[in-house]
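What follows is one structure encoded as structure tokens, with my remarks underneath.
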Amino acid sequence: MATRPPSEGKPWDLAAHPRLGKGKVVGVVVLDGWGEAPPDPFNCIHAAETPTIDALKKGAPERWRLIKAHGTAVGLPTDDDMGNSEVGHNALGAGQIYAQGAKLVDLALASGKIFEGEGFKYIQPSFDNGTLHLIGLLSDGGVHSRFDQLQLLLKGASEHGAKRIRVHALTDGRDVLDGSSVRFVEMLEDDLAKLREKGVDARVASGGGRMYVTMDRYENDWQVVKRGWDAHVLGEAPHKFKNALEAVKKLREDPKANDQYLPPFVIVDESGKPVGPIQDGDAVVTFNFRADRMVMLAKALEYDNFDRFDRVRFPKIRYAGMLQYDGELKLPSHYLVAPPEIERTSDLEKYEEIPSDIGIPFNEQPKMKALEIAHKARDAILSREFDQVRVNIANGDMVGHTGDIEATIVGKIILDAIEQVGGIFVLTADHGNAEDMAKRDKSGKPLRDKDGKVQTLTSHTLNPVPIAIGGPGLAPGVRFRTDLRDAGLANVAATIMNLHGFEAPDHYEPTLIEVVDN
Ligand SMILES: O=C(O)[C@H](O)COP(=O)(O)O
Ligand SMILES: [Mn+2]
Ligand SMILES: [Mn+2]
């Protein structure tokens with residue numbers, strides 16, 4: 001969470017800013033999932049007490065503004081794509097707009113290059129005698145995966161020799177509406193039926209809800225991945241069905257069921273045998289482009305030595321990720337699309353993670369670890385050891401995904417520390433979420449289900465996010481420029497460099513601030 005800006009010769013030289021001095025501690029606070037939307041009962045941020053942020057907005061309007069945090073402004077394919085933590089933080093750190101995973105996969109599929117690349121060539125020999133398994137999130141959320149990409153992958157793979165295909169489908173309900181799993185499975189089953197007409201033996205083999213099966217992250221709970229392993233690889237799960245549509249429909253009949261947490265299931269044939277466990281000689285592709293929730297499974301699929309759970313059987317497979325999910329670990333070693341090469345970003349010096357509470361639903365513990373995080377950040381600021389302390393506060397986002405309207409915020413602790421050391425603060429967010437919990441029609445009116453209940457929007461949003469700067473170290477006359485109406489998260493890095501007393505490099509998106517004579 002503490003970063004040092006590029007200083008003389010390390011790692012590249014930056015010119016001194018003509019008007020802003022060096023040496024001030026800069027505290028960067030990123031409120032996760034904190035967008036700006038008109039006040040209404042489904043705007044959690046409006047409903048919650050947020051005195052710190054309100055004071056910034058009202059107290060210094062020339063040092064508060066909105067910036068884009070979704071769509072093309074953060075390297076996503078279109079402006080209909082909501083922002084997310086991965087692309088938001090990439091833009092914040094890179095200072096430039098890079099095509100992100102979703103877009104790189106789109107390009108590789110559109111040109112057909114994905115089927116000529118190293119990763120596809122690597123798995124292809126398995127098509128002769130083995131099965132191609134596709135594991136991933138069945139969704140058009142565009143955060144971790146996209147359904148149309150899976151469709152193109154199925155089509156392309158079959159045209160390039162895959163004769164037996166098994167899909168292991170994780171239901172979403174987090175980046176898309178709860179209940180949409182049924183429609184996605186219907187569409188998938190249609191596609192697979194068409195492939196079967198062409199002589200390809202294509203079926204869904206297993207599945208489950210993303211938050212309960214397979215897609216854990218940050219090594220929070222390996223049991224989630226184990227449930228996925230058992231269903232996808234071993235063909236074992238507590239629920240067995242004849243086809244995937246029956247599976248999601250039946251499992252959703254439980255009144256407490258939702259797409260995010262559906263239990264694991266396997267599809268079995270007439271004699272009760274699973275139709276698609278992963279065997280020696282098979283090929284496996286994890287088709288999510290986003291890394292954080294695929295890394296753990298990738299480890300289980302790739303590592304010879306692995307002790308996080310008992311794999312029971314470790315099939316000899318050819319495995320490729322949609323992208324390489326971990327550049328440092330080089331994991332997986334084979335991938336269908338090369339990840340973005342993000343260069344010359346702000347330099348990370350020390351990273352501290354405060355582990356989440358395990359096993360407590362976020363809506364029951366909305367404070368999460370915010371207080372602990374705020375105290376760590378405060379101590380780092382007060383130590384004066386760091387030029388910059390950057391902290392992510394995840395509450396807004398995590399509560400936003402559950403649809404429960406309650407949140408608290410601890411930004412003041414950090415701003416007080418900045419005050420004490422005479423520093424500067426930058427407060428912003430990585431994408432919207434908590435400011436809108438209602439699914440709406442085109443005119444903005446909340447949509448209701450058949451019982452008249454407003455449909456909960458668990459996903460992120462397309463809304464802009466606020467950015468505020470201030471603190472005793474901020475030179476008088478610093479204010480936001482008024483000419484950058486379309487600015488987004490990628491403009492923040494240059495802004496922060498200025499606040500450290502440096503000019504940003506030319507290839508960065510322009511700074512948000514100017515200095516005027518008072
Ligand atoms: O993985 C998740 O929890 C959601 O799909 C996206 O949320 P995030 O981008 O805020 O992590
Ligand atoms: Mn986020
Ligand atoms: Mn989120």
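These numbers were taken from a predicted model, which means no experiment stands behind them.
- Checked against a 6.0 Å centroid threshold, the rings of F115 and F120 count as neighbours.
- Counting only N and O atoms by type, the side chains of N84 and H431 include no donor and acceptor under 3.5 Å apart.
- The main-chain N or O of G327 is found under 3.5 Å from a side-chain atom of K330 such that the two form a donor-acceptor pair.
- T458 places a side-chain N or O within 3.5 Å of a backbone atom of G173 that can act as its donor or acceptor partner.
- Looking at heavy atoms from C-beta onward, R227 lies in side-chain contact with V224 at the 4.5 angstrom threshold.
- Between the side chain of R313 and the backbone N or O of I278, at least one donor-acceptor pair lies under 3.5 Å.
- Between the side chains of E302 and S333, at least one donor N or O lies within less than 3.5 Å of an accepting N or O.
- R318 places no side-chain N or O within donor-acceptor distance of the main-chain N or O of A283, the cut-off being under 3.5 Å.
- By the 4.5 Å heavy-atom criterion applied to side chains, Q149 and F287 are not counted as neighbours.
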List the steps and the verdict of salt bridge (Lys or Arg N to Asp or Glu O under 4.0 Å) for K299 and E219. CA-CA 11 Å; K299 285 182 181 170; E219 312 223 353; 2.9 Å; yes
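- For the 3.5 Å distance criterion, the side chains of T286 and N288 fail to qualify, holding no donor opposite an acceptor.
- Side-chain contact check for S459 and D175: no donor-acceptor pair (N or O, by modelled atom type) lies under 3.5 Å.
- The shortest side-chain heavy-atom distance between L150 and S145 does not fall under the 4.5 Å cut-off.
- When side chains are defined from C-beta on, W34 does not count as touching L427, because their heavy atoms never get closer than 4.5 Å.
- Note: F241 and F265 have perpendicular aromatic rings, judged against thresholds of 30 and 60 degrees for the angle between ring planes.
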